[in-house]
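As structure tokens, the structure follows; a few thoughts come after it.
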Amino acid sequence: MANDTTSIESNSELQKISQVIGSGFNGSWEEKWQQGLTPWDLGKPTPIIEHLHQAGALPNGRTLIPGCGRGYDVVAIACPERFVVGLDISDSAIKKAKESSSSSWNASHFIFLKADFFTWNPTELFDLIFDYTFFCAIEPDMRPAWASRMQQLLKPDGELLTLMFPMIISDHAGGPPYKVFIADYEKVLHPMRFKVVSIVDNEMAIGSRKGREKLGRWKRTDEPLL
């Protein structure tokens with residue numbers, strides 16, 4: 001019964017997000033941020049990424065978080081050993097992120113930039129990229145381009161961390177968010193020579209997202225995958 005309840009709650013959350021985004025959605029995330037229609041926003045750092053940081057289980061160096069929104073995760077994992085770039089296509093989201101984090105103790109260890117992930121060209125590559133509610137927000141036919149950009153932006157042997165959501169077996173159709181499966185990531189990442197390190201259930205998923213998320217860790221390699 002608990003699993004049935006969780007499934008109902010999860011589907012309800014997805015329906016709410018889809019209704020907000022899909023109602024006349026024309027690709028303008030900026031409009032949703034201006035209107036305050038952001039039901040995907042947790043209002044705090046993602047528990048699993050904060051836990052990995054505190055446990056010393058994340059790579060140090062330059063880190064990128066595309067689709068960072070208000071930037072909770074950016075601020076949560078930035079430290080002297082890890083400089084974090086928060087990227088979002090919405091000017092309003094970036095302004096909110098800057099306003100809420102300007103007095104943070106670690107403000108010198110992160111930056112927020114308004115830019116399009118698919119066309120942005122940084123001057124330096126990254127040691128780590130964290131993707132959460134970004135892969136599921138783009139049109140499925142853009143996923144190969146997503147994987148290509150990940151390959152281009154990561155240093156050799158860099159790590160891609162994907163919090164896969166929403167992983168559901170239900171009648172949820174369309175999007176965003178578009179439902180995802182492990183195979184969806186493998187299909188686009190393997191040709192880009194990403195090797196999976198681990199894929200596990202996210203035991204720290206929040207509320208109705210429990211049982212609907214998996215944490216994938218991938219390494220960029222220069223060797224073709226067999």
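Heavy atoms only: backbone and side chains are in, while hydrogens, waters and symmetry mates are out. This structure is a prediction, so every number in the text was calculated from the model and none was measured.
Under the 3.5 Å distance criterion, the side-chain polar atoms of Thr46 are left unmatched by any main-chain donor or acceptor of Ile49. Between the side chain of Asn106 and the backbone N or O of Val75, at least one donor-acceptor pair lies under 3.5 Å. For Arg82 (side chain) and Ile77 (main-chain N/O), a donor-acceptor pair under 3.5 Å exists by modelled atom type. In this structure, Glu30 contributes its side chain and Asp91 its backbone to a donor-acceptor pair below 3.5 Å. Side-chain N or O atoms of Arg143 include none that pairs as donor or acceptor with a backbone N or O of Val188 at under 3.5 Å. Without hydrogens or angle criteria, Asn202 side chain to Met204 main chain gives a donor-acceptor distance under 3.5 Å. Side-chain N or O atoms of Arg193 include none that pairs as donor or acceptor with a backbone N or O of Arg220 at under 3.5 Å.
Judged by the 6.0 Å and 45° rule, Arg62 forms a cation-pi pair with Phe126.
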Would you please test Glu213 and Tyr132 for side chain to side chain donor-acceptor pair (under 3.5 Å) and show each step? CA-CA 10 Å; Glu213 295 183 345; Tyr132 183 35; 2.4 Å; yes

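Qualifying salt bridge (charged side-chain N to carboxylate O under 4.0 Å, His left out) partners for Lys114, counting only residues two or more places apart in sequence or in other chains: none.
In this structure, Lys155 places its NZ atom where more than 12 heavy-atom neighbours from other residues, nucleotides or ligands lie under 6.0 Å away.
Here the closest heavy-atom approach between residue Tyr185 and residue Leu163 is recorded as OH-O, 4.5 Å. Closest heavy-atom contact between Ser108 and Phe83: O-CE1, 3.6 Å. In this structure, Glu50 and Ala76 approach most closely via the heavy-atom pair OE2-CB, 4.4 Å. Taking each heavy atom of Cys68 and Phe112 in turn, the nearest pair found is SG-CD2, 3.9 Å.
Leu58 and Ile65 fall within the same hydrophobic cluster, defined by Ile, Leu, Val, Met, Phe, Trp and Tyr side-chain heavy atoms under 4.5 Å apart, directly or through other members.
Side-chain contact between Pro66 and Trp120 is absent, with no heavy-atom pair separated by less than 4.5 Å.
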